[in-house]
Each structure stands twice: as C-alpha cells, then as structure tokens.
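Everything on this sheet refers to the single structure shown next.
Scope of the values below: all heavy atoms of this structure, side chains included, with no hydrogens, waters or symmetry mates. Note that the structure is predicted; figures quoted are calculated from it, not measured.
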Protein chains: 2
Amino acid sequence: MTTSPRPTAPPLTERQEARRRRILHTAAQLASRGGFEAVQMREVAELAGVALGTLYRYFPSKVHLLVATMQDQLQLFQEQTRKHPVEGDDPGARVADTLMRTFRGLQREPQLAEAMVRALTFADRSVSAEVDQVSRITGQLILDAMGLTEPPTREQLAAVRVIEHTWHSALVTWLSGRASIAQVRIDLETACKLLTL
Amino acid sequence: MTTSPRPTAPPLTERQEARRRRILHTAAQLASRGGFEAVQMREVAELAGVALGTLYRYFPSKVHLLVATMQDQLQLFQEQTRKHPVEGDDPGARVADTLMRTFRGLQREPQLAEAMVRALTFADRSVSAEVDQVSRITGQLILDAMGLTEPPTREQLAAVRVIEHTWHSALVTWLSGRASIAQVRIDLETACKLLTL
DNA sequence: GGGTAATCTAGAACACGTTCCAGCGTGGCG
DNA sequence: CGCCACGCTGGAACGTGTTCTAGATTACCC
C-alpha cells in the first residue's frame, strides 16, 4: 500500500526512478526555503539535472509536482507514526495528538508546508486523482490513530471526514497566518469530540 | 457592519465607487463562464473600461479581486438569509440547512464559485485581511442561523469554527469533483452535531 | 480661475508556467 | 551489426499575471 506511486503507468527503469527522485528532492529543497513561489520549474529542472521538457513529462504541472511531494512527505509521516504510535486511552485524544504531531512535523519546514498545501488547495480537476490519494493517506492516518479492533461504523467514518476537513482547513488558516498553533489544536480537539459521541 | 469595505482607505468618490463596482461586476461575469482561468486581468480591465494599471490600483492582484468578489456574493447571501431565515427547532439542523442553502446558491453559478474558492484557498499572507473578512461573514452566517438569545458559549464558538472549516473544505472537495452534494450535506450535518453536545 | 498633487490611460516590458520543436542517445529487435 | 522507436536535451516561443513609465485628466485648495 505504501508502494505503487503511479499504478497505471508502465514501470520505470532505474534511471527513470532516479530522475523522479531527484526531481522530487529538488522540489522539496527549493520549497523549503522560499515556499510555493520559489519552486520554479526551470530551476527545478536545472538543479535536478534534467531538461525542462523531461520535468514536464514526469509531472505535468507545478501543482502535480508539489502534490506528489506532499504524497511523499505524508507517507514518511505515516511510517513514522506506525512505528511510534501515540499512546493514550481516549481514541479522540489519540487522533488529535497524532494530527498535532504531524502538524509539528510540517511546522519544522513551514515553507515546504506552505508550498505543498497551496498546491493541494489550488489543484483543479486535472489533479483530483493525486489529491484524492493525499486525502486517502490522511484518512488512513486518522483511522490508524483510532486503533480500531473492528471495522469503523458509519458514524465513525463520517466523523473522520469532518476531522479531515478540519485538519485541512486549519492547516490553511495557520499557513496564511490567520490562526495560531494553539487554535489549530483546539479546532482539532473539538472535531475529535465527534468520535466519542 | 455590512458597510465599510475598506476601513483604512480614504473614502472613494462616486466615480471611483462606480469603477470599483464595474470591475467587480466584470470579474464575476467572466468568472461565471470559464471560472478562475477565464478571469484575465487584461480582459477585466478592458471590459470594465479601465486601464490595467488602474485595475491593479483597486485590486493589487487577481486573488485580491476574486476574494473581494466572494465578499460581495457572501454579503448578498447573508442579506437573503436574514430576510428569510431557515425554519426549524433544532439549531444544528438550522445551521446545516442554512449552509446547504448557501451551497445551492453557489451551485447555481458553479464556475463563479470555482473561481472565488480557488482564489480564497490560494491566497497568501498578503490577502489574509480580506480572507479573514470572508471568514467573519461566514461565521456570522452560522451564528445567525443558530438563533441565539444570549452570547455564545466557548464550546459553541469552538463548534462554529469546526463547522466553518468543514464548510470550507467540503466546498473545495465538491468543486474539484471529489465529493457529491449529498456527501457535502452529510459532512455538514455531522459537523453540526457538535452544536448540540 | 490657477496651481498642484493625485489619479487615470495606453502601452511597453518583465517573469514564470507551459508548449513545442529539432536533433541526439540509447536500448531493444531483426 | 543496422535500424527503429522512444525518451532526453537545449532552447525558442507563447500566454498571462504583474510592474513600470510618460503623459493626459481630474480633484481639490486658495
């Protein structure tokens, strides 16, 4: 489940996989300082040692590139979280803590976070498959934190959706400087109350 | 409270106010067919009968322009809703219905909605004041629908925030074709459960 | 009414995302 | 080995958001 980044495409050769990695790494690096606008396609291509046309063959737009970067990062967080799950008795608190931990992870590279989230929310329909993938990983992160022993109920799934909405929107408001981290925590905790209803 | 669109700026002359209206109207018209990308600054300027430089004097970027358009539209919805409030006993249901009504209003011009919401979520810090204003109007819409007889409690305000997050994020997922209207309704209803906790 | 500062206009110019093209390698197949 | 298809390269070119400039117009104050 953590594999298969492009299910429908023919498998990439080793050199191609390496190019893809170089591109993603370069994008993340440029984003880390400078954020969304600092990720300039010409510069990504040059630093990744790839022609501009090739970059566009791998990622059909800047938004695709940054959404793919977000997939990458989220999967890292997911692995981390699976290795070291949050402790606690209350499922709601575990979910809130897990998301806050992810939040602090993003906070460590705020410019990178800004770039990825801007891309995510700016994405139009042509990127919906990739965005959906990000959404699926986030949902899985929450479900993991709930620590279910049996399949989730309809109500739980509905609550997860609202938590996901809250997570996403709170991230946006924090990135644009309209909410503090403390406020984000409160919002997430409020949404998580829906789990223990 | 529904006045004062630009509190810090010197008052506009009549001609200037008319220009501003023409620009906003033109932007909405172009957005209505074609969405975000159809709102091209040169074309807005030309159709509004204004030089490009002037357009930029009134709205320092395309995002500013579209966020201002959203303010306009939201205020119209707010007035409508105040004139014809949603009936019902349950505050949560009233809020959900009110938001769904607003939703259907946006649905009537989906391209316009797409343009405004894309702008809203793409906005960076330089637009945060204007985005905040939109957020304030939305929050007020929800508070109105709650029909409070006394000031809201801390818990109610927290719930309103989560509902607002849900509203906003659900709108985005609907616009990018990743959620149906039925799903949006469910998400809003789920979030509104927080009100009657 | 005259002077002056602010505003508006027309248009060029610039930046960056994106597209396109001609030619060069390269890897696989007869 | 020769050939072909495909991917890669370097670079030009295009579209649109944004900035800038020089001059015309307007608003305001005395």
Just to confirm, is there a sub-4.0 Å distance from OP1 or OP2 of C:dC8 to any side-chain nitrogen or oxygen of B:Tyr58?
yes
Closer than 4.0 Å, any side-chain N/O of A:Gln16 to the OP1 or OP2 of D:dC8?
yes
Grab the [atom1]-[atom2] distance between [X] and [N] for me, whole Å please.
X       : N      : atom1 : atom2 : answer
A:Glu14 : C:dG27 : CD    : P     : 12 Å
A:Arg57 : C:dC20 : CZ    : P     : 13 Å
A:Glu46 : D:dC8  : CD    : P     : 18 Å
B:Leu55 : C:dT7  : CG    : P     : 16 Å
A:Gln40 : C:dT18 : CD    : C1'   : 14 Å
A:Leu52 : D:dG10 : CG    : P     : 11 Å
B:Phe59 : D:dG17 : CZ    : P     : 16 Å
A:Leu65 : C:dT18 : CG    : P     : 10 Å

Evaluation steps, side chain to side chain contact (heavy atoms under 4.5 Å, CB included), between B:Met116 and B:Val134
CA-CA 11 Å; B:Met116 297 188 305; B:Val134 168; over 6 Å; no
Touch check for A:Arg42, heavy atoms < 4.0 angstrom, all strands: base, sugar-phosphate only, or nothing?
base
At 4.0 Å (heavy atoms only), tell me whether B:Val39 reaches a base, stays on the sugar-phosphate, or touches nothing.
sugar-phosphate
Would you kindly compare A:Met41 and B:Arg19 by the position of their nearest DNA chain C nucleotide and give the one closer to the 5′ end?
B:Arg19
By nearest-nucleotide position on DNA chain C, the 5'-leaning member of A:Arg15 and A:Phe36 is A:Phe36
Can B:Glu189 and B:Lys193 be counted as an ion pair, charged N to O under 4.0 angstrom?
no
Should the pair A:Arg21-A:Glu17 be classified as a salt bridge under the 4.0 Å nitrogen-to-oxygen rule?
yes
Close side-chain approach of B:Val131 and B:Leu120, heavy atoms under 4.5 Å:
yes
Separation of B:Gln75 CD from B:Gln71 CD (nearest 0.5 Å)
6.5 Å
